[in-house]
Q: 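Dropping the structure in here first, questions after.
Protein chains get the first letters and strands the later ones, always in sequence-line order, with residue 1 at the start of each. Just so it is clear, the values below take in all heavy atoms, side chains as well, and ignore hydrogens, waters and symmetry mates.
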Amino acid sequence: MSISRPKGTNDFLPEDTAKWQYIENILRDLAASYGYEEIRTPIFEATELFLRGVGDTTDIVNKEMYTFEDKGKRSITLRPEGTAATARAYIEHKMHGLAQPVKLWYIGPMFRYERPQKGRFRQFHQFGLEAFGSQDPALDSEIISFAMAFYQKLGLTGLSVRLNSVGCAHCREEHKEKLQEFLRPVLNDLCSDCQTRFEKNPLRIFDCKNEKCNELIVKAPRILDCLCDDCKDHFEKVKTLLTAGNIPYHIDPCLVRGLDYYTKTAFEILLEDIGAQSAICGGGRYDGLIKDIGGNDNFGVGFALGLERVFGALAAQNIEIPTVPKCDVFLVSMGDKAKTALFPIAVSLRGMGIKTEIDFGGKSLKSQLKTADRLKAKIAIIMGEDELLRGEAILRDMADGEQSPIKAADILDEVIRRIKQ
RNA sequence: GUGGGUGUGGCGAAGCGGUUAACGCACCGGAUUGUGGCUCCGGCACUCGUGGGUUCAAAUCCCAUCACUCACCCCA
């Protein structure tokens, strides 16, 4: 029996990793232009961090964490998301002492034990932005702007920003009570899912797919109507900046996020064509998080995007990622002596960044040229016994098949001249 | 955790009870004793996810199991 990879994980082969690097480079460059710097935190953390950070009522914590005990009897969890760990590092390294806001980005694998489906995996990859230490709504808008700029750079279309404010702890508590009060008389008419949501997270009832629940909830009190003056003002400013920045959005009073730490701004960007998992990124403000995990009373806002879903979106919209040729020059050798003569040339060319390939296995001339063709080599240098004796080689232009003799001593210069031009 | 779909060579895919398991792509070799991309010829599955069962006979029917996949829940 052969062993295969764990369920919900992927091997990324060379044709894939080239594309990942392309996307990662765009993200790095864009993050730099927005003034964010990279942070790298461990892939596993103390379980406690996520219990307190993500929230012990969330699905992530309740049924999706990879948790185990290490040899020192510590409870360890493979990170299911990136915000809690970034906030932990902010506290641990006393970054509140730096000029605020502190703007960070991260990229890497996250782990959630779920049934895999389209756009959802047990090991998946997120890129995220986090800005700590400021309550300025401009940061909320900046983060949404970043996400849209990234997707536009890739050429994706048909994205929609869904925006909401879930208020602060006070607004939320007030709303929850009003909502429960409103729904209590009809509780038995709700679907079984919504009956459990009623206690756990009544906001979620708003986006139940059951028709009856929809009818019952239409006239229910909305979170947006329960915002305090401070939250209301914050939300208005976020919207003003988005409009000023030409970033279209639409308010979705039903938008709720599945992680407990969100306050005020909550947003998602959706793209319908990638399947049921249509949220291509999500984020918002989390002003209570730093304190929840042991820091000072502080502010934060951020978002995370799923790289696998980016690829899904590109595939759905038939957007090709540009590829770079794998080989510039192929050194064709016939016989060990020619190979030995060509080998140092390969070393030199490669040292100068010219992609150079040589024969392995003593294949026929025909077969070597075939390989050169497949690799899309621009030129081939051919050397056999005859050329070797004359101190020459043949330079073949692979595009038009034109050949000319070249002195062995001139090969390096000539190849460099042709490739660099 | 619940439900649906699928499982034939490296990939795509026919066959759906009866002699040696189509075909396409890819790959390897030859036509051209030292020259690619086109063409032609040849090669490439003791075997149909795995284990049982039914039958004179199973890739084809039944059961189990595993894997993949899509959807619910939830999220990136």
Q: Between the protein and nucleotides 1-4 of chain B, are there any N/O to N/O pairs under 3.5 Å, and if so, what are the atom names and distances?
A:
residue: B/U2; atom: O4; partner: A/Arg115; partner atom: NH1; Å: 2.6
residue: B/G3; atom: O6; partner: A/Arg115; partner atom: NH2; Å: 3.2

Q: Separation of A/Lys118 atom NZ from B/A76 atom C1', in whole Å?
A: 16 Å
Q: If we call it a pair only when both distances are under 3.5 Å in a Watson-Crick or G-U wobble match, what pairs with B/U20?
A: none
Q: Between A/Gln117 and B/U69, is there a contact of a side-chain N or O with OP1 or OP2 at under 4.0 Å?
A: no
Q: Using side-chain heavy atoms (C-beta onward) and a distance below 4.5 Å, is A/Val166 in contact with A/Leu255?
A: no
Q: Which atoms form the tightest heavy-atom contact between A/Gly82 and A/Glu130, and what is the distance?
A: C-OE2, 4.4 Å
Q: Rounded to the nearest Å, what distance is computed from the CD atom of residue A/Glu15 to the C1' atom of nucleotide B/A26?
A: 13 Å
Q: Using a cut-off of 4.0 Å between protein heavy atoms and nucleotide atoms, how would you tag nucleotides 30-45 of chain B 5' to 3' with B, S and -?
A: ----BBBB--------
Q: Do you see a donor-acceptor pair shorter than 3.5 Å between the side chains of A/Asp225 and A/His175?
A: no
Q: Counting only Watson-Crick pairs (N1-N3 plus N6-O4 or O6-N4) and G-U wobbles (N1-O2, O6-N3), all under 3.5 Å, who is the partner of B/A57?
A: none
Q: So among A/Leu163, A/Asp287, A/Val301, which one has a side chain to side chain contact (heavy atoms under 4.5 Å, CB included) with A/Thr265?
A: A/Leu163
Q: Mind checking whether A/Trp20 and A/Phe12 have parallel, tilted or perpendicular rings, split at 30° and 60°?
A: tilted
Q: Suppose we define a pair by two distances each less than 3.5 Å, Watson-Crick or G-U wobble; what does B/U50 pair with here?
A: B/A64
Q: Do A/Leu388 and A/Met383 come close enough that some side-chain heavy atom pair is under 4.5 Å?
A: yes
Q: Kindly assign one of parallel, tilted or perpendicular to the pair A/Phe150 and A/Phe146, based on the angle between their ring planes and the thresholds 30° and 60°.
A: parallel
Q: Considering Watson-Crick and G-U wobble pairs with both distances under 3.5 Å, what does B/A71 pair with?
A: B/U2
Q: Work out which heavy atom in A/Glu387 is nearest to a heavy atom in A/Ile382; give both atom names and the distance.
A: CG-O, 4.3 Å
Q: Can you tell me the Watson-Crick or wobble partner of B/G36, both distances under 3.5 angstrom?
A: none
